[in-house]
Chemist: 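Here it is, the structure, as structure tokens.
A quick note: this is a predicted structure, and the numbers were derived from the prediction, not measured. By convention in this document, chain letters (A, B, ...) are assigned in the order of the sequence lines, proteins followed by strands, and residues within each chain are numbered from 1.
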Amino acid sequence: MAGINHLEANEVAKRLLTWYVQNKRDLPWRRTKDPYQIWVSEVMLQQTRVESVIPYWNRFMERFPTVESLAVAPEEEVLKMWEGLGYYSRARNLQAAVREVNEKYGGRVPDSLPDMCSLPGVGPYTSGAVLSIAYNVSVPAVDGNVFRVLSRIFLIEDDVSKPAARKKFEGIAEFLIPPGEASDFNQALMEFGARICIPKHPRCETCPVQSLCRGYREGVQDRLPVKGKKKPPRPLDIATAIVWQRDRVLITRRPPEGLLAGMWEFPSCDVSDGNRHEAELTRFFQGKWDVGLQVKSHFANLQHTFSHLHWNVQAYTCEAEAEKIPETDSVKWVTTRELTQFAMPVVHQKLAKSLDGLL
DNA sequence: TACTCGTGGAT
DNA sequence: TATCCAAGAGT
């Protein structure tokens, strides 16, 4: 292995493993060896904090405890269970993958890398994580923690935001795995990164591998890993119509692909071109349902920032001829009570919450 | 390769 | 307050 000898590797691995066994957190998905349940946890944990995932995973396991229970569930119910977690294509891909496992593999989660990796939503990290953690297969599972930990210990200055860096880190991570210890060791790398070798101000004073850490020795641990800077979110102006008909309000379902795919929302349109919101909303309803829309009053102004977008949402209370807007698979008239049954993005949940005062 | 795709918490 | 960013994958 490039610049790392066996003695060094063995010592680093041994100390991380020992530290993990003595210090690991009691997380709910660590109480099971069920590959499906571990898989679900890994998907939920993608780009998401442990504390956020715990209640979602507990509810999800209660409702969908097995591959088959998730495979046969209505997609809308799965999405509702995922509401608030973000990256909703994870839920759609997970169910598609589980259905594939149910049919092609008789309901047993694959224990081979090619099979696992071919499933939708299962990439190089998740496939390695499930195989190693659930089946103890000796494959690497390189996530953001592992990039950070290895880049510091071995002083690697490759830009980890570039896909090319992954190969090098996977090679080292695999090289480090003590024979027969893939499950604990891969989790040790991640747990260590989450608790000791943290992004800012790493706790080097209490670090079990301090004496072996090249980054610490050179005093550069705070500048690792090397990572390209993100672009700021692009601003987007949105106009939203709160359309009432007696005690019911109009909601529509977003398209099955793209931002917030399949989520329900109050009818909205992009008004970033600077046109007047009333005119744009009226045109939107005219084009979609061939119905007139009366914008009554400004209702709320909400800001919401996504990874790459910044929404400025202006919501208006409106009136329209409800008879001309029939319900379909993607159009519903619902009471505020029924609203809670539909998966909505957080920004529209906030609008929904403030609707109660309107009735 | 670079961009898309959410959310809430830490600094 | 602004920025970063957390157990990534798809295109």
Chemist: For A:R276, what residues pass the salt bridge (Lys or Arg N to Asp or Glu O under 4.0 Å) criterion, not counting sequence neighbours?
Modeler: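 With sequence neighbours excluded, A:R276 shows a salt bridge (Lys or Arg N to Asp or Glu O under 4.0 Å) to A:E278, given in chain and number order.
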Chemist: Are A:Y56 and A:V50 connected in a single hydrophobic cluster, I mean Ile/Leu/Val/Met/Phe/Trp/Tyr linked by side-chain heavy atoms less than 4.5 Å apart?
Modeler: yes
Chemist: Could you tell me the separation between the CD1 atom of A:I198 and the C1' atom of C:dC5, rounded to a whole number of Å?
Modeler: 13 Å
Chemist: Tell me which residues in residues 21-28 of chain A put a heavy atom below 4.0 Å from DNA chain C, sorted by number, or none.
Modeler: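 Residues of residues 21-28 of chain A that come under 4.0 Å of DNA chain C are, in numerical order, A:R25, A:L27.
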Chemist: Can any side-chain N or O of A:T340 pair as donor or acceptor with the backbone N or O of A:R337 at less than 3.5 Å?
Modeler: yes
Chemist: Consider only side-chain heavy atoms of I, L, V, M, F, W and Y, link residues closer than 4.5 Å, and tell whether A:I177 and A:F175 are in one cluster.
Modeler: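 Yes: a chain of side-chain contacts under 4.5 Å links A:I177 to A:F175.
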Chemist: Give the residues of residues 89-98 of chain A touching DNA chain B, defined as any heavy atom closer than 4.0 Å, sorted by residue number.
Modeler: none
Chemist: Could you tell me whether a side-chain N or O of A:R152 sits under 3.5 Å from a main-chain N or O of A:L224, the two making a donor and an acceptor?
Modeler: yes
Chemist: With rounding to the nearest 0.5 angstrom, report the NZ to CG distance, A:K167 to A:D158.
Modeler: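 Result: 13.5 Å between the selected atoms.
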Chemist: Who pairs with A:D273 by salt bridge (Lys or Arg N to Asp or Glu O under 4.0 Å), at least two apart in sequence or on another chain?
Modeler: none
Chemist: Check each residue of residues 39-61 of chain A for a non-hydrogen atom within less than 4.0 Å of any atom in DNA chain B, then write out the ones that pass by number, or none.
Modeler: A:Q47, A:T48, A:R49
Chemist: Does A:Q95 use its side chain to pair, donor to acceptor, with the backbone of A:A73 at less than 3.5 Å?
Modeler: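 Indeed, once roles are kept as given, a pair shorter than 3.5 Å links the two residues.
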Chemist: Give, ordered by number, those residues of residues 167-188 of chain A having at least one heavy-atom distance below 4.0 Å to an atom of DNA chain B; if nothing qualifies, reply none.
Modeler: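 DNA chain B contact set from residues 167-188 of chain A: none.
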Chemist: Quick one: does any side-chain atom of A:H310 pair with a main-chain N or O of A:Q303 as donor and acceptor, under 3.5 Å?
Modeler: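 No: the side chain of A:H310 does not pair with the backbone of A:Q303.
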Chemist: Does one side chain, of A:Q341 or A:W264, offer a donor that lies under 3.5 Å from an acceptor on the other?
Modeler: no
Chemist: Near DNA chain B, which residues from residues 339-350 of chain A have a heavy atom under 4.0 Å away?
Modeler: A:P345, A:V346
Chemist: Looking only at atom types and distance, does a side-chain atom of A:K33 sit under 3.5 Å from a main-chain N or O of A:I133, one as donor and one as acceptor?
Modeler: yes
Chemist: Which ones in residues 120-128 of chain A lie close to DNA chain C, meaning a heavy atom under 4.0 Å from one of its atoms?
Modeler: A:P120, A:G121, A:V122, A:G123, A:P124, A:Y125, A:T126
Chemist: What's A:R234 touching, base or sugar-phosphate or nothing? Going by heavy atoms closer than 4.0 Å.
Modeler: sugar-phosphate
Chemist: Taking atom types as modelled, is there a side-chain donor on A:Y125 or A:E42 under 3.5 Å from an acceptor on the other?
Modeler: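 Side chains of A:Y125 and A:E42: pair found under 3.5 Å.
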Chemist: Using the test salt bridge (Lys or Arg N to Asp or Glu O under 4.0 Å), find all partners of A:D270 that sit at least two apart in sequence or belong to another chain.
Modeler: none
Chemist: Rounded to whole Å, please give me the gap between CG in A:L85 and C1' in C:dA6.
Modeler: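 Whole-Å distance recorded here is 12 Å.
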Chemist: State which residues pass side chain to side chain contact (heavy atoms under 4.5 Å, CB included) with A:K296; sequence neighbours excluded, sorted by chain then number.
Modeler: A:Q294, A:T317, A:E319
Chemist: If you assign A:Y87 and A:P163 each to the DNA chain B nucleotide with the nearest heavy atom, which residue ends up on the more 5' nucleotide?
Modeler: A:P163
Chemist: Can any side-chain N or O of A:S161 pair as donor or acceptor with the backbone N or O of A:D159 at less than 3.5 Å?
Modeler: no
Chemist: Can you confirm whether the side chains of A:R90 and A:T48 place a donor and an acceptor under 3.5 Å from each other?
Modeler: yes
Chemist: With nearest nucleotides of DNA chain C determined for A:L119 and A:K230 from heavy-atom distances, which residue corresponds to the more 5′ nucleotide?
Modeler: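 It is A:K230 whose nearest nucleotide is closer to the 5' end.
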Chemist: For C:dC4 and B:dC3, measure between their P atoms and round to the nearest Å.
Modeler: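 Per the computed distance, 16 Å lies between those P atoms.
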Chemist: Tell me, please, which residues at least two apart from A:S211 pass side chain to side chain donor-acceptor pair (under 3.5 Å).
Modeler: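 For A:S211, the residues satisfying side chain to side chain donor-acceptor pair (under 3.5 Å) (neighbours in sequence not counted) are A:R15.
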Chemist: Over how many whole Å does the gap from A:H310 atom NE2 to C:dT3 atom P extend?
Modeler: 12 Å
Chemist: Is the centre of the A:H308 ring less than 6.0 Å from the centre of the A:F306 ring?
Modeler: no
Chemist: In whole angstrom, what separates A:E257's CD from C:dT11's C1'?
Modeler: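 Whole-Å distance recorded here is 10 Å.
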Chemist: Base, sugar-phosphate or nothing for A:R195? Non-hydrogen atoms, less than 4.0 Å.
Modeler: nothing
Chemist: Check whether A:N136 reaches the backbone of A:S183 with its side chain - one donor and one acceptor, N or O, closer than 3.5 Å.
Modeler: yes
Chemist: Any base atoms under 4.0 Å from A:G193, or only sugar-phosphate, or nothing? Heavy atoms, all strands.
Modeler: nothing
Chemist: Would you measure the distance from the C1' atom in C:dA6 across to the matching atom in B:dT1 and give it in whole Å?
Modeler: 23 Å
Chemist: Write down the distance separating the P atoms in C:dA9 and B:dG8, rounded off to the nearest Å.
Modeler: 22 Å
Chemist: Using whole Å, what does the distance between atom C1' of nucleotide C:dC4 and atom NZ of A:K229 come to?
Modeler: 11 Å
Chemist: Please examine the side chains of A:P202 and A:D222, heavy atoms only from C-beta on, and report whether any two atoms are closer than 4.5 Å.
Modeler: yes
Chemist: Under 3.5 Å, side chain of A:D26 to main-chain N/O of A:R31, donor-acceptor pair present?
Modeler: no
Chemist: If you walk 5' to 3' along DNA chain B, what is the first nucleotide with an atom under 4.0 Å of a heavy atom in chain A, and what is the last?
Modeler: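 On DNA chain B, the outermost contacted nucleotides are B:dT1 to B:dG9.
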Chemist: Between A:E191 and A:R25 (side chain of the first, backbone of the second, donor and acceptor by atom type, cut-off under 3.5 Å), is there such a pair?
Modeler: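 It does hold such a pair.
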